[in-house]
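The block underneath contains the structure these notes are about, expressed in structure tokens.
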Amino acid sequence: MSQIEVEIHIGERVFEVACQEGEQQYLQAAAKLLDAEAQVLVSQIGRMPEPRLLLMSGLMLADKTGGLEERLRAAEDKIGALQAELDELKAQPPEQVEVARIPDSVNEMLAELAAQAESLAATVEEKTSSDG
């Protein structure tokens with residue numbers, strides 16, 4: 001691959017930087033991050049020598065990156081712990097749930113009571129229809 005020159009803007013300054021063909025967008029994205037930090041410094045402090053501006057901007061980005069890496073490690077640790085817990089739960093046999101079984105004698109008694117209730121209802125219906 002051939003190298004190409006790319007113009008980037010950092011802290012109101014223009015730089016020519018070489019990169020591999022096809023990597024321009026990554027270089028531009030990195031330059032935008034560095035420029036954002038440089039703009040903060042320029043707005044707070046004002047103009048400063050180019051090497052100092054680049055150094056301070058780079059240090060601010062490094063600090064942010066370090067914080068993000070710590071958060072990423074913490075998130076990865078938490079994911080690992082949750083995955084281990086999930087794997088442990090999956091490895092356990094499922095809980096057995098006992099369902100109460102109605103004894104046959106109770107079912108027979110209920111059927112008998114239902115039959116008696118139907119018989120009584122029929123008798124009441126007969127008496128009320130014959131009285132009317």
- Query: With a 4.5 Å limit on heavy-atom distance, are the side chains of I8 and V14 in contact?
  - Reply: no
- Going through the distances and angles, do L72 and L68 end up as a side-chain contact (heavy atoms from CB on, under 4.5 Å)? CA-CA 6 Å; L72 176 61; L68 290 172; over 6 Å; no
- Task: Can you measure from CD (E37) to CG (D63) and round to the nearest 0.5 angstrom?
- Result: 9.0 Å
- Message: Quick check against the 3.5 Å criterion: does T123 have a side-chain atom that pairs as donor or acceptor with the backbone of S119?
- Response: yes
- Message: For A38 versus I10, what's the shortest heavy-atom pair and its separation?
- Response: CB-CG2, 3.9 Å
- Query: Is the number of heavy atoms from other residues, nucleotides or ligands within 6.0 Å of CG (L86) greater than 12?
  - Reply: yes
- Query: Looking only at heavy atoms, which two atoms of Q39 and G11 are closest? And how far apart?
  - Reply: NE2-CA, 3.7 Å
- Would you call M60 and K64 a side-chain contact if the rule is heavy atoms closer than 4.5 Å? no
- Decide if atom CD of E125 counts as having more than 12 heavy atoms of other residues, nucleotides or ligands within a radius under 6.0 Å. no
- Message: Would you say that more than 12 heavy atoms from the other residues, nucleotides or ligands in this model lie under 6.0 Å from the CZ of F15, or not?
- Response: yes
- Trace of the side-chain contact (heavy atoms from CB on, under 4.5 Å) decision for K127 with V124: CA-CA 5 Å; K127 287 193 177 189; V124 169; 5.9 Å; no
- Are side-chain heavy atoms of L53 and I45 found at a separation under 4.5 Å? no
- Flag yes if M56 and L61 sit in one hydrophobic cluster, no otherwise; membership is Ile, Leu, Val, Met, Phe, Trp, Tyr, and two members link when side-chain heavy atoms are under 4.5 Å apart. no
- Message: Tell me if the CD atom of E85 is crowded by more than 12 foreign heavy atoms within 6.0 Å.
- Response: no
- Note on the structure: Rounded to the nearest 0.5 Å, the CD atom of E112 sits from the CD atom of Q116 at a distance of 5.5 Å
- Message: Please determine whether residues L34 and M48 belong to a single hydrophobic cluster, defined as Ile, Leu, Val, Met, Phe, Trp and Tyr linked transitively by side-chain heavy-atom distances below 4.5 Å.
- Response: no
- Specify the closest pair of heavy atoms between E12 and D35, including all atoms of both residues, with the distance to one decimal. N-OD1, 4.3 Å
- Item | Heavy-atom side-chain proximity of Q3 to E21 below 4.5 angstrom | no
- For side-chain contact (heavy atoms from CB on, under 4.5 Å), just list the numbers for E50 and R13, CA-CA rounded to whole Å, side-chain angles, deciding distance to a tenth of an Å, and then say yes or no. CA-CA 8 Å; E50 184 178 289; R13 293 180 177 97; 3.6 Å; yes
- Message: Taking the side chain as everything from C-beta on, heavy atoms only, tell me whether E7 gets closer than 4.5 Å to H9.
- Response: yes
- Apply the test side-chain contact (heavy atoms from CB on, under 4.5 Å) to residues C19 and Q24: give CA-CA distance (whole Å), side-chain angles for both, the deciding distance (0.1 Å), then the verdict. CA-CA 7 Å; C19 70; Q24 301 94 310; 4.2 Å; yes
- Which atom names give the shortest non-hydrogen contact between V6 and L27, and what distance separates them? CB-CD2, 3.8 Å
